[in-house]
Each structure stands twice: as C-alpha cells, then as structure tokens.
Amino acid sequence: MTASDSDTKQQATAPSNFIRNMINQDLESGKHGGRVHTRFPPEPNGYLHIGHAKSICLNFSLAQEYQGQCNLRFDDTNPAKESQEFVDSIKDNIRWLGFSWSGEVRYSSSYFDALYDFAVQLINSGKAYVCSLSAEQAREFRGTLTEPGKNSPDRDRTIAENLDLFARMKAGEFPDGAYSLRAKIDMASPNINMRDPVLYRIRHIHHHQTGDKWCIYPTYDYTHCISDAIEGITHSLCTLEFEDHRPLYDWILHNLELSSLRAVSDLADSQYDYVLPEQTEFAKLKLNYTVVGKRTLREMVEEGIVDGWDDPRMPTLAGMRRRGFTPASIRNFCESVGVARAESVVDLGMLEHAIRDDLDKHAPRAMCVLNPLKVTLTTFAEDHLEELTMSNHPKEESLGERTVPLTREIVIDRSDFEEVPPPGFKRLTAGGEVRLRGAYVIRCDEVIKDASGEVTELLCSVDLDTLGKKPEGRKVKGVIHWVSASQGVAAQVRLYDRLFSVEKPEGKDVDYRECLNPDSLQLLENCVVEPAVLKSASSNFQFEREGYFCFDAVDSTAERPVFNRTITLRDSWSGN
RNA sequence: UGGGGUGUCGCCAAGUGGUAAGGCACAAGGUUUUGAUCCUUGCAUGCGUUGGUUCGAAUCCAGCCACCCCAGCCA
C-alpha cells in the first residue's frame with residue numbers, strides 16, 4: 001500500500017464524532033463561507049501532557065482534514081503564572097508531535113490594545129462599568145448557587161465617569177484590586193458567569209511578552225472570544241468545564257459592533273463573510289493509572305518522586321518523548337480515543353497498544369541481554385568469530401540488514417535457562433536444545449555452578465547444520481536471544497512501568513503518594529547489547545523478546561549507552 | 001435545594017424512528033527462527049431506570065435514579 005493509499009484509507013475510516021458532524025453541517029449550510037479555522041490556546045503556565053495532546057490533535061487534525069487552518073495562540077492574560085520557558089517548551093512539543101501552526105505564533109497579549117478599545121466600546125454602550133468592590137465584597141454581592149446576587153453600588157455610574165476611571169486604571173493611578181471593569185449583565189442570572197463578570201483587573205506586574213506596558217489585564221472570558229474573533233476562528237473547541245461560559249462568550253461578541261470586530265480581524269481584507277466564532281465543548285482525556293493535575297505533577301518533581309518533568313514515567317509530552325513514545329503513536333492514540341461529551345476514563349492499555357502498534361511497524365530489531373548468563377559454545381575454537389547477517393525487521397525489508405558477531409563465549413538471559421523447567425517451558429534446559437535467534441541450534445551439555453549453587457555458566461555444543469535451516473529429525477521449539485560476550489557492548493537499561501498501582505490515583509479521598517508503584521523504575525546495570533545498535537540511525541528499537549527500547553538522550557555517553565524501556569512486548573505466556 | 005451537562009459490552013465509542021459499527025481488553029484456534037507480529041473465530045435479544053407514543057424506540061415524550069461542572073479580580 002502506498003502512502004497516499006493509506007492516507008486515503010485513514011480519512012475514509014476517520015471515526016465519526018459530534019464535532020465532525022457539526023463541521024460537515026456548517027460546510028453544507030455555508031455558515032463560515034466554507035472555512036474551517038481552529039486554534040490551540042494554551043496558557044503558558046506549565047508543561048504539556050497527554051491531556052493536551054488530545055486537544056492539539058483534535059484542533060490540528062480537523063484543520064488538516066478540512067483543508068483549513070489551525071493557530072497556536074498563547075492565552076497569556078495572567079502574567080503572574082506564566083513564563084517564556086513554558087512558551088518555548090509548548091512550541092517545541094507541538095512541533096515534535098508533528099503539527100505546524102498557521103502563520104506566526106499568536107498571543108492574546110498582542111491584542112491588548114484592541115481589547116482595551118472594545119472595553120471602551122462596551123462602556124460607551126452602557127454594557128460595562130468600573131466597580132470599586134473588593135474581591136471579597138464582590139463575592140458577597142454575587143449571591144450563591146441558589147440565591148441571586150445584588151447589584152454593585154457602582155453599577156449605575158455614568159458613562160463619562162466609567163470612561164475616566166477606566167482610563168486611570170490603565171494609566172496606573174490605582175493599586176491592585178482597587179477597581180475592576182465589569183460587564184453589566186444580570187446579577188440574578190441562574191448562570192453565575194453572567195452575574196456581571198469581571199473583564200479587567202489591575203495587576204502591577206511584568207508580562208513576559210508585553211513587559212511593563214500594562215498594569216490592567218483582561219480576564220479569560222473577555223479575552224478568549226475576542227481573540228477568536230480577531231483570528232477569524234470558526235470553531236472554538238474547549239473542554240466541558242467551559243460550557244457555562246458559552247453564554248458569556250456569545251454575550252461579549254454580540255454586544256460589540258460586528259464591523260469593528262471585523263475591522264481588526266485577520267479577515268478584514270478578505271472576501272469572506274465575517275461570521276462570529278462558536279464555542280463547542282468536548283470531554284477531557286483521562287487515563288487510568290495516571291495523574292495529570294498540575295499541582296500533583298509539580299509536587300512529584302519537587303519532591304523527587306520522579307527525576308524531572310521529562311522523567312520517562314511522567315505523562316508529560318517531554319516525559320513520553322524521553323520514554324520512547326513516537327509522535328505517530330500519540331496521534332493515533334488520540335484519534336482512537338475519539339471525541340465525545342461523555343466524561344470517561346480511557347484504559348492505559350489503549351495507549352500502550354498505540355505505542356506497540358507503531359513501534360512494531362517501524363522499530364528495527366536488535367538483541368540485548370538484560371540479565372546475562374555466560375554460555376560457552378564448546379564446538380567453536382577460542383578465536384571463533386563469525387559475522388552473521390540478520391535482517392532488521394521480519395517484514396519491512398526497507399529497514400535493511402546488520403551483521404551480528406558470534407563468538408565462542410556469548411551471554412543469554414538468565415530467565416531463558418531452567419534446570420527444572422516449569423510445564424510448557426520452551427527455552428534452554430539442562431540437556432535440552434534451543435535455537436539461538438538468527439544462528440544455530442545449541443544443546444546444553446553441562447551446567448556450572450558456584451559454591452552457593454547458583455548457575456554461573458553453561459557449556460553448550462553447536463549443531464553446525466542448523467544455520468538458516470531446521471534441524472534434522474527433531475523439532476526445536478524455543479528461540480532465545482543472545483549477544484557475543486566479547487563483541488557486545490555494556491549498557492545500562494532502565495525498565496519503566498506505570499507510576500501508580502491503582503486505577504484512580506487522583507480520586508477523591510485518595511493520596512497519590514500512597515498509590516505509587518514501587519517497581520515503576522528498575523535499573524539494570526550489566527546489560528549487553530549487540531554492537532550494531534550503536535551505529536544505527538534509529539533511536540527506537542525492539543530488543544527481541546524483551547520489548548521496545550530507546551536511547552536515553554540525556555544520560556547516554558559514548559562509552560556507556562543507556563536505554564529506556566518504552567513498553568514491553570505483549571506476553572501471552574502465563575508461565576512467565 | 002439554582003443553572004448547565006452526561007448515562008450504549010470490563011474500557012473507549014458509532015448510532016439522529018426500521019430492528020446494536022469499530023477499537024482496546026479478554027478467550028479459543030492457525031502461521032511463525034521474537035511465547036512478538038500477522039490471520040481466523042468468539043465476545044450487548046441489550047442501549048441508566050420506569051412508564052408512554054408508534055406497526056416498529058438506544059433513537060420521540062414524561063417521570064425517576066446516578067455521576068460531572070459552576071459561587072477566582074485563574075484558565
């Protein structure tokens with residue numbers, strides 16, 4: 001199948017979901033002039049994780065699928081929590097995932113001037129007022145879930161007065177919290193977001209993009225809808241908790257002059273009809289055995305429960321990347337999970353399947369012995385050195401071949417030998433035969449043990465007539481991997497497993513610290529990997545019969561490579 | 001107890017009045033020089049629940065139940 005065939009097939013089988021259905025309808029009705037323009041709008045206040053990946057894939061893939069555009073916009077309206085470091089890592093993560101945003105990176109902060117003008121417009125039309133209530137007072141006036149709120153005493157300030165006060169807020173005449181700009185909507189609304197929400201607050205604080213130009217900052221609710229409108233976004237996708245904000249999103253946009261919105265928008269000079277963006281909500285991605293809460297992740301880093309934001313056990317994009325997850329596997333996973341409005345918890349197994357599926361197709365095979373047991377092939381002379389040619393992949397010929405040196409002394413994994421094998425054991429036993437992967441069938445003639453009775457070495461004879469052919473007159477079922485003792489390279493291997501041993505480490509009344517899986521990291525210091533691995537162009541491998549591994553980009557050195565286990569192979573042998 | 005949402009197989013998820021897609025997981029076979037991959041087969045007389053409308057309901061209507069979100073000058 002060619003690339004384009006598979007693309008076509010993927011499109012044909014792209015699962016139906018309520019957002020695609022909505023877009024299809026919009027396209028049919030011509031609502032946005034046939035345009036599809038989405039955006040991914042993170043606040044640069046932390047590292048991206050698997051949950052963000054779903055949103056990224058959704059927004060960017062939809063744009064691709066409909067030949068539309070997808071912007072990257074930093075929603076940077078609260079400088080107290082944000083930094084350039086996060087801006088940079090987010091951009092890096094999105095590129096790594098394989099997506100390109102439309103045009104330049106956008107910042108809500110670059111619309112601050114326009115946002116200010118629109119606020120003045122709302123004041124002029126009597127839709128906004130400057131309020132002197134403190135945060136605490138405002139809370140009291142807001143009412144409760146079941147009781148209506150009370151109007152602010154400043155609600156009927158004159159337009160002239162509001163204009164003057166707002167200008168002075170901007171000019172820096174007042175301290176933080178002295179005043180706020182509020183929309184004049186309805187203090188009795190059953191939707192608390194509509195009870196005269198704050199549009200601007202005073203914050204004398206440096207902003208990572210705008211420096212010290214501003215001391216008043218617009219709120220999310222006020223900024224997001226206008227930013228969408230300015231960028232000509234058609235479909236503004238966000239998560240479920242913003243559902244109650246949608247009426248406010250619409251209120252703000254509908255109470256501004258459409259022509260003035262259009263005038264400052266990216267569509268100002270286009271031939272398209274100017275249509276306001278619409279918000280649509282979908283359920284967040286949740287994974288069992290996983291925590292994505294910002295506070296929790298930070299604590300785990302700060303308390304040393306993990307080794308940093310890019311610890312391979314972390315659900316961050318940086319962590320998954322270091323773990324060896326491929327961008328395609330994460331994209332496929334997000335696609336397979338679907339998009340719906342029902343809150344759900346996806347099984348980690350689905351993510352693992354996506355990783356295996358991608359790596360199985362693309363990762364070159366190699367051999368690495370994790371827990372070495374010395375085997376001497378007595379049939380060979382001391383200086384025996386045979387260069388065996390092995391293909392890098394059982395099906396994908398384009399991955400090429402490599403040579404694997406075979407010598408008299410090799411190592412195999414300790415778990416591949418049992419003196420008294422359990423029922424069904426297919427590996428090497430005392431007196432039994434086994435195939436060395438890609439090489440000969442050997443027979444274990446002698447088991448050497450130390451004083452404590454531990455097996456230290458196996459003496460085996462080689463059936464020279466079994467290279468590339470089946471042995472005559474008998475069946476040898478088992479195949480085990482091996483590495484030349486002298487030609488192999490010493491390596492450290494890190495075996496990673498899920499961080500938590502319970503399904504819902506973030507649940508109510510659950511302390512995640514008590515749910516940690518004590519075996520989430522196992523360090524193996526004496527591993528031996530075949531030499532070809534170090535010369536490979538790939539950084540992801542399948543170490544045959546062990547799992548998928550990748551070079552650890554941070555801790556590997558020239559003399560001592562470090563490998564991270566990305567994921568084990570499926571293992572249907574219950575005796576293991 | 002106000003408002004907004006959601007309930008389809010163990011886990012995701014299609015379905016939009018015509019008789020329950022698909023994936024993961026699981027199980028059983030087959031192929032295999034990876035106990036991998038791959039292939040075949042099985043896996044909801046049932047769609048939160050109770051009624052109603054209809055020739056016919058997961059889909060329409062009503063009631064009930066469960067769970068989630070909202071009272072930041074966070075996003």
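By convention in this document, chain letters (A, B, ...) are assigned in the order of the sequence lines, proteins followed by strands, and residues within each chain are numbered from 1.
- Side chains of A:Tyr220 and A:Asn78: no donor on one and acceptor on the other come within 3.5 Å.
- In this structure, A:Arg142 reaches the B:C73 phosphate: one of its side-chain N or O atoms is under 4.0 Å from OP1 or OP2.
- Phosphate contact (OP1/OP2 of B:A36, side-chain N/O of A:Ser572, threshold under 4.0 Å): present.
- Rounded to whole angstrom, the span from the CD atom of A:Glu281 across to the P atom of B:G4 amounts to 14 Å.
- With both ends at atom C1', the span from B:C38 to B:U34 equals 13 Å, rounded to whole Å.
- For A:Arg182, no side-chain nitrogen or oxygen approaches OP1 or OP2 of B:C73 to under 4.0 Å.
- Anti is the glycosidic conformation of B:G22, whose angle departs from 0 by more than 90°.
- Nucleotides B:U37 and B:G23, compared at atom P, are 15 Å apart to the nearest Å.
- When the side-chain nitrogen and oxygen atoms of A:Ser336 are compared with OP1 and OP2 of B:C24, none of them lie within a distance under 4.0 Å.
- Atom NZ of A:Lys91 has more than 12 neighbouring heavy atoms from other residues, nucleotides or ligands inside a 6.0 Å radius.
- Between atom CZ of residue A:Phe549 and atom OG1 of residue A:Thr568 there is a gap of 9.0 Å, rounded to the nearest 0.5 Å.
- In terms of phosphate contacts, A:Arg356 brings no side-chain nitrogen or oxygen within less than 4.0 Å of OP1 or OP2 of B:C24.
- In this structure, the CZ atom of A:Phe543 is 19 Å from the P atom of B:U37, given to the nearest Å.
- Heavy-atom distances to RNA chain B give each of A:Lys395 and A:Ala178 a nearest nucleotide, and the one nearer the 5′ end belongs to A:Lys395.
- Checking the phosphate oxygens (OP1, OP2) of B:A13, no side-chain nitrogen or oxygen of A:Ser16 falls inside 4.0 Å.
- In terms of phosphate contacts, A:Lys470 brings a side-chain nitrogen or oxygen within less than 4.0 Å of OP1 or OP2 of B:U33.
- At the phosphate of B:A75, OP1 or OP2 sits under 4.0 Å from a side-chain N or O atom of A:Thr77.
- One can place CG of A:Asp347 at 5 Å from C1' of B:C11, the figure rounded to the nearest angstrom.
- Taking 4.0 Å as the cut-off between side-chain N and carboxylate O, A:Glu433 and A:Arg474 count as a salt-bridged pair.
- A donor N or O paired with an acceptor N or O is not found under 3.5 Å between the base of B:G4 and the side-chain atoms of A:Asn191.
- Remark: A:Lys508 is in phosphate contact with B:C68, judged by side-chain N or O atoms under 4.0 Å from OP1 or OP2.
- B:U49 is paired with B:G63 under the criterion used here, namely a Watson-Crick or G-U wobble arrangement in which both key atom distances are under 3.5 Å.
- Nucleotides B:C11 and B:A25, compared at atom C1', are 7 Å apart to the nearest Å.
- More than 12 heavy-atom neighbours from other residues, nucleotides or ligands sit within 6.0 angstrom of CD on A:Glu387.
- Put simply, A:Asn193 has no side-chain N or O that comes within less than 4.0 Å of OP1 or OP2 on B:C69.
- A straight line from CZ of A:Arg20 to C1' of B:U16 spans 18 Å, rounded to a whole angstrom.
- The shortest heavy-atom contact between A:Pro364 and A:Ser536 is CG-OG, 4.5 Å.
- For the C1' atom pair drawn from B:A57 and B:A20, the interatomic distance equals 12 Å after rounding to whole Å.
- We find that CG of A:Leu569 is positioned 11 Å from P of B:C38, with the value rounded to whole Å.
- Rounded to whole Å, the separation between the P atoms of B:A58 and B:U19 comes to 11 Å.
- Atom CD in A:Glu546 sits about 10 Å away from atom P in B:G35, given to the nearest Å.
- On a pure distance criterion of 3.5 Å, no polar donor-acceptor pair joins the side chain of A:Arg246 and the base of B:G4.
- For the P atoms, the distance from B:A13 to B:A75 is 29 Å, rounded to whole Å.
- Closest contact between the side chain of A:Met350 and the listed nucleotides B:A75, B:C24, B:U34 involves B:C24.
- With hydrogens and angles left out, the side chain of A:Arg545 and the base of B:U34 share no donor-acceptor pair within 3.5 Å.
- With A:Leu199 as the partner, the side-chain contact (heavy atoms from CB on, under 4.5 Å) test is satisfied by one option alone out of A:Leu122, A:Val130, A:Asp221, A:Ile123: A:Leu122.
- Atom NZ of A:Lys426 and atom P of B:A36 are 8 Å apart (whole Å).
- When Watson-Crick and G-U wobble pairs are counted only if both distances are under 3.5 Å, B:G35 pairs with no nucleotide at all.
- Interface remark: the A:Arg365 side chain does form a donor-acceptor pair with the B:U34 base, using a distance-only criterion of under 3.5 Å.
- Residues A:Glu147 and A:Gly338 each lie close to RNA chain B; by heavy-atom proximity, the contact nearer the 5' end of the strand is made by A:Glu147.
- A 3.5 Å limit on both hydrogen-bonding distances identifies no Watson-Crick or G-U partner for B:C9.
- For the pair A:Asn17 CG and B:A13 P, the computed distance is 11 Å after rounding to whole Å.
- Residue ring and nucleobase are stacked for A:Trp573 and B:G35, with a centre distance beneath 5.5 angstrom and an angle between planes beneath 30°.
- A sub-4.0 Å separation between OP1 or OP2 of B:U34 and a side-chain N or O of A:His481 is absent.
- For B:A71, the OP1/OP2 oxygens have no side-chain nitrogen or oxygen of A:Arg139 closer than 4.0 Å.
- Between A:Arg201 and the phosphate of B:A75, there is a side-chain N or O to OP1/OP2 separation shorter than 4.0 Å.
- Taking CZ from A:Arg341 and CD from A:Glu243, the interatomic distance works out to 4.0 Å, rounded to the nearest 0.5 Å.
- B:C60 sits 16 Å from B:U8 when the P atoms are compared, rounded to a whole Å.
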